[in-house]
K.L.:
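Below is the structure I would like to discuss, written out as structure tokens.
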Amino acid sequence: MVLSFVPKGTCLALFTYVVFLGHLCNGFYLPGSYMHTYSTGENIFAKVNSLTSIETELPFSYYSLPYCTPSGGVKKSAENLGELLMGDQIDNSPYRFRMNVNESVFLCTTHPLNEHEVKLLKQRTRDLYQVNMILDNLPAMRYANQNGMKIQWTGFPVGFSPLNTEDDYIINHVKFRVYVHEYEGSGVQIIGTGEEGMGVIETSDDKKNAAGYEIVGFEVFPCSVKYDPEKMAKLHQYDGVDPLNCPLPPEKSQIIREQEKVSFTYEVEFVKSNTRWPSRWDAYLKMEGARVHWFSILNSLMVIFFLAGIVFVIFLRTVRRDLTRYEELDKEAQAQMNEELSGWKLVVGDVFREPTNSKLLCVMIGNGLQIAGMAGVTIVFAAFGFMSPASRGMLLTGMIILYLLLGGVAGYAGVYLWRTIKGTSEGWRSVSWSIAFFFPGIVFSILTVLNFILWGSNSTGAIPISLYFILLSLLFCVSVPLTLLGGYLGTRAEPIQFPVRTNQIAREIPAQKYPSWLLIVGAGTLPFGTLFIELFFILSSIWLGRFYYVFGFLLVVLMLLVVVCAEVSVVLTYMHLCVEDWQWWWKAFFASGSVSVYVFLYSMKYLVFDLQSLSGPVSAILYLGYALISAIAIMLSTGTIGFITSFYFVHYLFSSVKID
């Protein structure tokens with residue numbers, strides 16, 4: 001059925017559409033994809049991203065606080081769809097670097113702080129907000145000692161609050177250490193590779209002209225210092241100041257209080273490094289406890305393979321023995337055996353009876369196949385390095401584009417199953433429209449509620465109204481037409497013929513010793529065992545600001561998850577048929593889809609025990625909303641995998657037995 005769900009016509013149409021989009025996106029620039037060399041003394045301006053905190057998970061604009069602004073005004077950088085949805089707001093900044101020029105300079109002095117600004121600075125400081133700066137597409141990195149361990153962070157804090165005091169201090173002096181690698185060209189010069197446009201490669205006869213310096217590291221050391229306002233008032237932007245030895249004691253630090261003028265300064269130190277440009281992200285992708293991480297993944301894979309192998313071998317021996325015994329008997333013995341035996345052979349006249357809420361089942365199978373395809377292709381691309389952390393927002397952007405393009409597959413699959421169950425194409429338009437809006441409708445509803453909360457908090461994480469219209473336009477202009485096209489092609493395909501006839505009167509299902517929902521919920525534990533370790537690292541990357549990069553392992557876990565979901569669903573379906581329960585359709589779906597229950601419960605455990613710093617009901621509601629969207633997506637995709645496998649199993653099982 002999986003192959004039947006993707007016709008050649010749909011594949012050709014999707015391929016043509018992708019090629020067309022490729023021509024339209026010919027000028028699109030992937031940040032960080034091109035090397036930029038700088039000459040000595042060349043000006044480089046850092047950029048600033050949204051202020052973030054692991055306590056609130058509410059991003060705010062950098063310039064929402066009284067920081068120095070660029071002389072030419074604040075200008076937003078071009079952002080892709082993923083960056084906007086993630087709450088990134090990248091702006092220019094007055095922080096100027098001159099390649100290989102070590103200097104300590106004055107930036108600006110603020111006006112006397114008013115009550116609102118003091119309250120805001122204190123709140124951001126106590127909520128542990130971080131300033132995120134970017135230089136040549138590298139985020140600023142900071143090392144801190146925590147419980148005797150060296151912890152790596154991106155960005156630096158807005159301020160700090162010493163113990164045993166009510167005072168808060170602002171970080172107004174920053175020392176930057178920029179690591180550079182000397183690049184000696186070979187007659188090729190790379191120019192214009194900033195975020196303003198595409199890189200241009202120019203041939204040069206003079207190799208010295210092609211030489212320059214690449215930025216391969218960006219480290220930051222924050223500090224707070226109390227300056228003399230009268231002395232600083234005489235300085236202009238980028239005038240030199242004396243360097244500082246940080247950190248300074250509290251009495252020499254800049255306190256946050258009303259009518260205080262805050263002067264901002266910074267130091268720049270350039271250090272030559274042997275790190276080459278292609279390896280500059282390695283420092284950011286170092287994960288603490290990597291050996292434990294790899295060992296845990298390998299251990300999970302071995303255990304799951306072992307358990308799945310045992311289940312599969314037992315299952316094959318049982319089913320094959322039943323079929324062999326049945327086929328070796330003559331017709332009279334078969335008739336007598338039909339009267340005497342119980343189990344799956346007695347539900348032959350009901351096993352393909354139309355399930356309850358068959359339209360909803362078709363819709364969920366279509367959406368599940370769409371989500372599973374999106375996840376599979378995205379992880380494959382990420383595993384091969386096409387969606388690196390250097391390309392901010394590209395992972396989310398790629399997932400959205402893939403989901404839209406796979407609308408044709410979803411429409412075809414849902415209508416094809418509808419026609420197989422009903423035996424007619426009548427009502428296929430309603431099924432197609434439902435597929436197009438079922439999962440997006442759920443996501444839009446949850447995001448709208450969360451968006452009102454974010455708007456009320458003035459957070460940059462709120463989706464702008466313009467972006468809402470863009471997303472809706474993409475849905476109506478790309479996904480909906482493709483879904484309707486796929487549904488139409490589904491009506492033209494030959495449906496799967498059931499191997500046995502369905503009786504007019506439904507067979508009564510015997511009373512069960514244990515409720516079926518108990519088996520269904522319990523079945524989700526085995527698929528959950530394959531992914532819970534990776535789930536921890538993924539949640540940490542999302543909510544604790546860490547980079548997730550082991551997409552190769554994630555791809556292996558995904559493939560293993562598909563196998564386990566298929567086997568669990570088949571085994572549970574066989575168990576229900578053996579107790580004469582012919583209502584297997586929804587049970588097959590939720591047998592593997594129940595893993596989403598454990599994913600959601602694990603997310604709650606992560607919120608309570610691992611995100612203890614998360615504060616406030618707003619942050620908790622945001623977390624629960626995103627966790628709910630993820631659980632629904634996992635339920636639809638894993639349930640679809642289990643259902644398709646069980647459908648083929650039941651079809652094969654009853655087509656192997658000759659019953660009149």
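All values below were derived from every heavy atom in this structure, side-chain atoms included, with hydrogens, water molecules and symmetry-related copies excluded.
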K.L.:
How far apart are the closest heavy atoms of Leu624 and Phe600, and which atoms are they?
P.N.:
O-CE1, 4.3 Å
K.L.:
Between the side chain of Ser646 and the main-chain N/O of Phe643, is any donor-acceptor distance below 3.5 Å?
P.N.:
no
K.L.:
If the condition is side-chain contact (heavy atoms from CB on, under 4.5 Å), which residues does Tyr598 pass it with, not counting sequence neighbours?
P.N.:
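Partners of Tyr598 under the side-chain contact (heavy atoms from CB on, under 4.5 Å) test: Val521, Thr525, Phe528.
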K.L.:
I'd like to know whether Asp168 forms a side-chain hydrogen bond (donor to acceptor under 3.5 Å, both in side chains) with Thr125, so could you lay out the CA-CA distance, the side-chain angles of the two residues, the decisive distance to 0.1 Å, and finally the verdict.
P.N.:
CA-CA 7 Å; Asp168 300 295; Thr125 298; 5.7 Å; no
K.L.:
What I want to check is whether the side chains of Thr52 and Gln130 have a donor and an acceptor closer together than 3.5 Å.
P.N.:
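There is no such pair between these side chains.
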K.L.:
Could you walk me through whether Arg280 and Asp136 pass the salt bridge (Lys or Arg N to Asp or Glu O under 4.0 Å) check?
P.N.:
CA-CA 11 Å; Arg280 65 179 189 161; Asp136 193 41; 2.9 Å; yes
K.L.:
Take atom CH2 of Trp517 as the centre, draw a 6.0 Å sphere, and report whether it contains more than 12 heavy atoms from other residues, nucleotides or ligands.
P.N.:
no
K.L.:
For side-chain hydrogen bond (donor to acceptor under 3.5 Å, both in side chains), just list the numbers for Thr448 and Tyr468, CA-CA rounded to whole Å, side-chain angles, deciding distance to a tenth of an Å, and then say yes or no.
P.N.:
CA-CA 9 Å; Thr448 301; Tyr468 255 108; 3.1 Å; yes
K.L.:
Verify, without hydrogens or angle tests, whether Ser592 (side chain) and Thr638 (backbone) share a donor-acceptor contact under 3.5 angstrom.
P.N.:
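Confirmed, Ser592 side chain pairs with Thr638 backbone.
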K.L.:
Please determine if Arg124 forms a cation-pi arrangement with Tyr129, meaning its NZ or CZ atom is less than 6.0 Å from the six-membered ring centre and no more than 45° off the ring axis.
P.N.:
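Yes, a cation-pi geometry holds between Arg124 and Tyr129.
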K.L.:
What do you reckon, are the aromatic ring centroids of Trp586 and Phe590 less than 6.0 Å apart?
P.N.:
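Distance test on ring centres: under 6.0 Å, yes.
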K.L.:
Testing the basics here: between Gly376 and Leu558, what is the closest heavy-atom pair and its distance to 0.1 Å?
P.N.:
CA-CD2, 3.8 Å
K.L.:
Is there a donor-acceptor pair under 3.5 Å between the side chain of Asn172 and the backbone N or O of Val262?
P.N.:
no
K.L.:
Donor-acceptor check, side chain of Ser569 to backbone of Ala566, threshold 3.5 angstrom: yes or no?
P.N.:
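Such a contact is absent between Ser569 side chain and Ala566 backbone.
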K.L.:
Any chance you could measure Glu219, atom CD, to Leu138, atom CG, to the nearest 0.5 Å?
P.N.:
12.0 Å
K.L.:
Looking only at heavy atoms, which two atoms of Arg142 and Gly155 are closest? And how far apart?
P.N.:
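What the structure gives for the nearest pair is NE-O, 3.1 Å.
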K.L.:
What class does the angle between the rings of Phe536 and Tyr606 fall in, given that below 30° is parallel, 30 to 60° is tilted and above 60° is perpendicular?
P.N.:
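Judged by the thresholds at 30° and 60°, the geometry between Phe536 and Tyr606 is perpendicular.
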K.L.:
Working note: Phe45 + Tyr95, criterion ring-ring contact (aromatic ring centres under 6.0 Å, His included); need CA distance, chi angles, decisive distance, verdict.
P.N.:
CA-CA 6 Å; Phe45 285 90; Tyr95 287 91; over 10 Å; no
K.L.:
So Leu121 and Leu113, side chain to side chain contact (heavy atoms under 4.5 Å, CB included) or not? Walk me through it.
P.N.:
CA-CA 10 Å; Leu121 280 170; Leu113 298 177; 4.0 Å; yes
K.L.:
Taking atom CG of Leu472 and atom OG of Ser479, what is their separation to the nearest 0.5 Å?
P.N.:
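That separation rounds to 12.0 Å.
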K.L.:
The criterion is ring pair (Phe, Tyr, Trp, His ring centres under 6.0 Å); which residues satisfy it with Phe438, sequence neighbours excluded?
P.N.:
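Phe438: no ring pair (Phe, Tyr, Trp, His ring centres under 6.0 Å) contacts found.
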K.L.:
Distance from Ile470 atom CD1 to Cys477 atom SG, nearest 0.5 Å?
P.N.:
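These two atoms lie 12.0 Å from each other.
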